[in-house]
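Notes to accompany the following structure.
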Amino acid sequence: MSFTPGNGISNEVSSNREISIEVSRRTLPSLSSVCLRSWCVPLLLTIYSAAAASIRFFRLLRTTNCVVTGFLVSLLHFWPVIFHPAMRRGVSWKVRHKDEGRRQCEGAVSRWTAKMGCVTQTYLPCVVLLLCALSLLSYMREEKHIHLAQLNVSTLRSSFPLVGWRSSSAVRTVHWPPPPERSNGYLVVRCNGGLNQQRSAICNAVLAARIMNATLVVPELDTNSFWHDRSGFSGIYDVDHFITSLAKDVKIVKRLPYFLVNRRRKRRLKPIQMIPPRNALPDWYISVALKKMREHRAVYLSPFAHRLAEDLDNPEYQRLRCRVNFHALRFREDVMNLSSSIVSRLRSGGHFLSIHLRFEMDMLAFAGCVDIFTPEEQKILLKYRKENFAEKTLISSERRMIGKCPLTPEEVGLILRSLGFDKSTRLYLAAGEIFGGERVLQPLRSLFPRLENHTSMATSTELQKFSSEGRGLIGPAVDYMVCLLSDVFIPTYDGPSNFANNLMGHRLYYGFRKTIRPDRKALAPLFLAREAGVIEKEAFEMKVREAMGGSWLSGLQRRVPPESFYTNPWPECFCKPHARMQAHRCPNPEHILAQDDGDDNSSDIAA
């Protein structure tokens, strides 16, 4: 075999090049798989974060921040491939021995891959998520400020979209037979309290009669209430409409019947009086009251405010309450006509807002809010509280800070101004006798000169009806109807206020009309800061808009305890034609109750 000089050296170099190429080709796929595994998850995370940041209006700045962050993270994931000197040389490595080359290449790759893979797979995805989340939160906060700063008053005046739901209190089950000809006896109730407390008691009385299979006598109304109304049920409500509209649910008579004592003498049936427990369950009426009714043929329940539990599992019971509250209880024709006339006069000047200003002496004394009044007025409130309420130590400033005090007229005006309502806005004030008189009302009147009430909007002839002897509930009844038909309703104190609670539910049932419920607890520090002079006007208005951000009540919201059923009768008294749940589907079309179309004819609306 011939020997060629240098042949062995050239063969060795050639072999080493082949080895280096082989090592490179075997190592690169390993690197690619490692890098692929390390950057896939952060890259998808980056895409997701960028999409989340740009989901509204595709703001370029927020999107760019997340995309650039994701690009840098992906670049760091490729660090072993791009920046390591061994990998930059790639297939041009020149080594003298294949073992040395393999150790150098694989050792460097493994060290960098292990270090960078650990960092990128553990920490960098968290960094990406944190940066993008902060960017998104900043964007949402900025959008909230922009939305509140550009609040459109016209959107507050419009009704909430129905989203497929409609009001319906019609029976939806076949297990609801009409009342039998012969009942178990007669039920008489005395509804104490003001107009709206009496209203909820009437609804409970109808339901109690249905539960006991009793004949209901038209309820008695309290004549010793604050309003001193002696006209009774027939002086406020349409009795005939009340009886006929509930004929398929409960048998109702105007008075207790007579019975024969002997052939020549007859006497009116005398019921036995009982005091039902507060928020009694239906079982009490079946086991206790019904037993007495069968013994004496008639029972008289007094007092009857809040004497039947509101939260009942039977949806048909709740729908019966809605039929009574929103359809059967219709005010007398003279009350409806007077209300319609006032609404028409208010509408002639455009949209109007109604405010239930709970600022009477009894409410202020009950809440313990006295420090905003003069020393003489404080003495009057404290004396009234001592004479009419249980003794309890209340610190006025603390009560105000936790939102337990009614809003003052000035605070109501400041809220409306912060929301964008100007001096041209017409306000209708539904209230009793304001404690402090015109001195307290003057700040609100200076902010909104077009401040009206049923006295200022009625003619001299109509005013005589308000001042009629023994008909003190005419004024609250008219206020109720005007507030029901207003564009926006604002209750200033929805704690023990049955007027506000019933109106919110009634407005929801008829047309999803908007209601603004101020968050008194969130607003209290702002009013105190303004009084102390430590906040500028622009900052104050912005903070008020932020505090009022979740105060709109205009659509369907799930009822949350202790919220009253009369405030929010959803979902029992609403239906959806093509709902997935059978319980939410509307009954036959002929039984669906027509929904108010939002016109001004109050006579078409059951008050």
Side-chain angles (χ1 to χ4, degrees), residues 166-172 176 189 191-211 216 218-219 221 233 236-239 241-250 252 279 304-312 314-332 335-336 339 356 473 476-477 479-481 483-485 489 491 494 497-513 515 553 556 559 563-575 592-596 602-607:
R166 61 187 306 170
S167 56
S168 174
S169 56
V171 177
R172 302 178 201 175
W176 192 263
V189 299
C191 304
N192 54 305
L195 176 70
N196 294 280
Q197 185 169 312
Q198 293 173 359
R199 191 183 187 92
S200 60
I202 294 170
C203 297
N204 290 339
V206 173
L207 179 55
R210 174 75 191 194
I211 292 172
L216 177 67
V218 171
L221 301 186
F233 192 97
I236 299 295
Y237 298 107
D238 186 338
V239 179
H241 176 78
F242 178 74
I243 295 174
T244 56
S245 62
L246 296 173
K248 294 183 179 180
D249 299 301
V250 175
I252 305 175
N279 296 321
F304 200 69
H306 309 289
R307 301 297 163 168
L308 181 59
E310 285 191 12
D311 292 327
L312 301 177
N314 190 335
E316 292 299 342
Y317 285 171
Q318 304 292 57
R319 281 190 276 273
L320 176 57
R321 278 172 163 162
C322 288
R323 288 197 291 278
V324 179
N325 198 17
F326 304 138
H327 297 276
L329 282 177
R330 187 169 69 188
F331 291 126
R332 283 168 47 110
V335 178
M336 299 293 280
S339 304
H356 182 225
L473 289 176
D479 284 345
Y480 188 96
M481 285 303 304
C483 290
L484 175 62
L485 296 172
F489 173 62
D494 54 354
S497 173
N498 296 285
F499 184 96
N501 290 336
N502 280 343
L503 258 175
M504 285 188 282
H506 208 154
R507 287 173 63 85
L508 181 67
Y509 189 83
Y510 279 103
F512 296 74
R513 296 187 176 100
T515 299
L553 176 65
L556 298 176
R559 190 167 59 251
E563 187 177 28
S564 168
F565 170 78
Y566 296 102
T567 303
N568 184 9
W570 186 83
E572 293 90 345
C573 297
F574 293 84
C575 69
I592 296 178
L593 297 174
Q595 184 173 335
D596 175 51
S602 59
S603 62
D604 292 335
I605 298 178

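Small disclaimer: the values here were computed from a predicted structure and weren't measured.
A centroid separation of 6.0 Å or more is found between the aromatic rings of Y237 and F242.
Residues M504 and P491 are in side-chain contact: their nearest non-hydrogen atoms beyond the backbone lie under 4.5 Å apart. Between R513 and L485, the closest side-chain pair of non-hydrogen atoms falls below 4.5 Å. Two residues are said to be in side-chain contact when any heavy atoms from C-beta on lie closer than 4.5 Å; I236 and V335 fail this criterion. Looking at Q198 and N192, their side chains never come closer than 4.5 Å, going by heavy atoms from C-beta outward. In this structure, the side chains of L329 and F233 come closer than 4.5 Å at one or more pairs of heavy atoms. Side chains of L207 and L312 form a contact here, defined as non-hydrogen atoms less than 4.5 Å apart. For the pair F565 and C573, the minimum side-chain heavy-atom distance is below 4.5 Å. Inter-residue side-chain proximity for L221 and I202 is flagged as met; some heavy-atom pair is nearer than 4.5 Å.
With E310 contributing its side chain and N279 its backbone, the two residues share no donor-acceptor pair below 3.5 Å. R319 places no side-chain N or O within donor-acceptor distance of the main-chain N or O of V171, the cut-off being under 3.5 Å. Although no hydrogens or angles enter the test, the distance criterion places no donor-acceptor pair under 3.5 Å between the side chain of H241 and the main chain of F331. A donor-acceptor pair under 3.5 Å links the side-chain atoms of R307 to the main chain of A305, judged by distance alone. Counting only distance, with no hydrogens or angles, the side chain of N502 and the backbone of N196 share a donor-acceptor pair below 3.5 Å. Side chain of R321 to backbone of Y566: no donor-acceptor contact under 3.5 angstrom is found.
Of all non-hydrogen atoms in Y509 and F574, the two that sit nearest each other are CA-CZ, 3.9 Å. When all heavy atoms of G505 and P569 are compared, the pair lying nearest together is CA-CD, 4.0 Å. When every heavy atom of Q197 is checked against every heavy atom of S200, the shortest pair comes out as O-OG, 3.0 Å. Residue N568 comes nearest to R559 through the heavy atom pair O-NH1, 2.8 Å, listed as atom of the first residue, atom of the second, then distance. Annotation for C191 and P219: closest pair SG-CB, 4.0 Å, computed over non-hydrogen atoms. Nearest heavy atoms, V250 versus A209: CG1-CB, 3.8 Å.
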(request) Kindly indicate, with the supporting measurements, whether the criterion side-chain contact (heavy atoms from CB on, under 4.5 Å) is fulfilled by R172 and C575. (result) CA-CA 10 Å; R172 302 178 201 175; C575 69; 3.7 Å; yes
(request) Walk me through it: do V206 and D249 pass the test side-chain contact (heavy atoms from CB on, under 4.5 Å)? (result) CA-CA 9 Å; V206 173; D249 299 301; 5.5 Å; no
(request) Any chance you could lay out the side-chain contact (heavy atoms from CB on, under 4.5 Å) test for S169 and H327, step after step, and finish with the verdict? (result) CA-CA 9 Å; S169 56; H327 297 276; 3.8 Å; yes
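Annotation: the span from N325 atom CG to Q318 atom CD amounts to 11.5 Å, rounded to 0.5 Å. The CG atom of N314 lies 6.5 Å from the CH2 atom of W176; values are rounded to the nearest 0.5 Å. How far CG of L508 is from CG of L503: 12.0 Å, rounded to the nearest 0.5 Å. Rounding to the nearest 0.5 Å places CZ of R323 at 9.0 Å from OG of S168. Taking CE of M481 as the start and NE2 of H506 as the end, the distance is 7.0 Å to the nearest 0.5 Å.
Comment: E316 does not engage R210 in a salt bridge, judged by the lack of any side-chain N to carboxylate O separation of less than 4.0 angstrom.
Using cut-offs of 30° and 60° for the angle between ring planes, the F499 and F489 rings count as tilted.
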